[in-house]
Amino acid sequence: MLTYSIAIRTLGTAGEKFREELRSITRQTVQPDRVLVYIAEGCPRPDFMVGREEYVWVKKGMVAQRALRYDEIDSDVVFMLDDDVRLAPDSAEKMLKAMERHDADCIGADTFRNHEMPFAGKVYAALANLVFPHRSGKWAFKMHRNGSFSYNKRPEKDFYLSQSCAGPASMWRKSVYERLHMEDELWLDKFAFAYGDDTVEFYKVYRNGFRLGVLYDSGCEHMDGRSSSSAFRKGPQWIYTRTLASFAIWWRTIYQPSKGNTAESLLCAASFAFKSAWLFLVMCAMSVAKLSFRYMFSYLKGLRDGRRLVNSDEFRALRSYVLK
């Protein structure tokens, strides 16, 4: 069986959720070679020790704490975790076996369970983000020309190939991760709040010809420790950040790679234009409902600044998303 080590990114603030995650690691039927906790510089180490975790201080950022060289790891596979994931005793074993059985280069745990959302949640996802279910015997998640994804409405197998997946728990062949140059995506850390990094990182696996998969029965549970972001997500600043990031992510991952094909690039542009027009109507409705035009203006400002960002010298200098 493939060997693996665990890499956890944290700010050291997840408290009891992080402690429970570490406990669940000690119960794994297949134990990791090492458990490395990549903690942001300036953050104090938690005042407890559960297993044999080791701490490494690195630059702060959702991408900066993941897009690393992992020189400390000699294992075949890196099991990347957020600091609020509880593992079933056989989670690592299931994911390793699925990776070998399906010859996957990267495999993600289905922690958000989109297909199990209540009907109201599915309607909201469709109206607010143009995220729809799909019927497919091949794909778990598919990316579309407008930058939105779709999810398998009724998965009937444990494992599906995928074009994207959730980020809280994923296994990567270390050799493949090194070839994808995730450090090129550090621009994502410049936003006021982390948004879309999972999409950029996992879609890069698929777009560069590697095999990405999703395991539906991994037993990985996302305990969601992002309480500090709840208030932020309710205000106009969240609308601005989400819109700015969405534009830049679409440009880098969807539009730029299509530029060699005129017809495809036009279709991508038209698809995103339709999505932008639809979401503008959604923002108008929100502004009326909340008696504040700040939501609508924040959305328009996000589109404007997104356009400026992708045309900046720094963004243009980035290595191609689809590597040669």
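Note that this is a predicted model, so its numbers are computed, not measured.
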Query raised in the report: Is there a donor-acceptor contact under 3.5 Å from the side chain of Ser320 to the main chain of Leu323?
Result: no
Query raised in the report: Going by the angle between their ring planes, with limits at 30° and 60°, are Trp57 and Tyr55 parallel, tilted or perpendicular?
Result: tilted
Query raised in the report: Is Phe280 close to Thr243 at the side-chain level, that is, under 4.5 Å between some pair of heavy atoms?
Result: no
Report task. State, without any angle test, whether His144 and Ser271 hold a side-chain donor-acceptor pair at a distance under 3.5 Å. Result -> no
Query raised in the report: Is it true that Met223 and Met62 fall in one hydrophobic cluster, defined by side-chain heavy atoms closer than 4.5 Å?
Result: no
Query raised in the report: Where does the angle between the aromatic ring planes of Phe193 and Trp238 fall among parallel (under 30°), tilted (30 to 60°) and perpendicular (over 60°)?
Result: perpendicular
Query raised in the report: Roughly how far apart are Ser91 OG and Ile25 CD1, rounded to 0.5 Å?
Result: 10.5 Å
Report task. State yes or no: are the ring centers of Phe293 and Tyr299 separated by less than 6.0 Å? Result -> no
Query raised in the report: Can a donor-acceptor pair be found between the side chains of Thr29 and Asp90 at a distance below 3.5 Å?
Result: no
Query raised in the report: Considering the options Phe132, Tyr151, Tyr216, which one meets the ring-ring contact (aromatic ring centres under 6.0 Å, His included) requirement together with His115?
Result: Tyr216
Requested in this report: For the residue pair Trp251 and Phe247, categorise the inter-ring angle as parallel (less than 30°), tilted (30 to 60°) or perpendicular (more than 60°).
Outcome: parallel
Query raised in the report: Do Arg179 and Lys174 come close enough that some side-chain heavy atom pair is under 4.5 Å?
Result: no
Query raised in the report: On the ring face of Tyr160, is Lys157 found with NZ or CZ under 6.0 Å from the centre and within 45° of the axis?
Result: yes
Report task. Tell me whether Ile254 is reachable from Leu180 by hopping between hydrophobic residues (I, L, V, M, F, W, Y) whose side-chain heavy atoms are closer than 4.5 Å. Result -> no
Query raised in the report: Ring centroid separation for Trp139 and Tyr206, is it under 6.0 angstrom?
Result: yes
Query raised in the report: Is there a donor-acceptor pair closer than 3.5 Å between any side-chain N or O of Ser265 and the backbone N or O of Lys259?
Result: no
Requested in this report: Establish, for the pair Arg19 and Phe48, whether the NZ or CZ atom is under 6.0 angstrom from the six-membered ring centre and no further than 45 degrees off its axis.
Outcome: yes
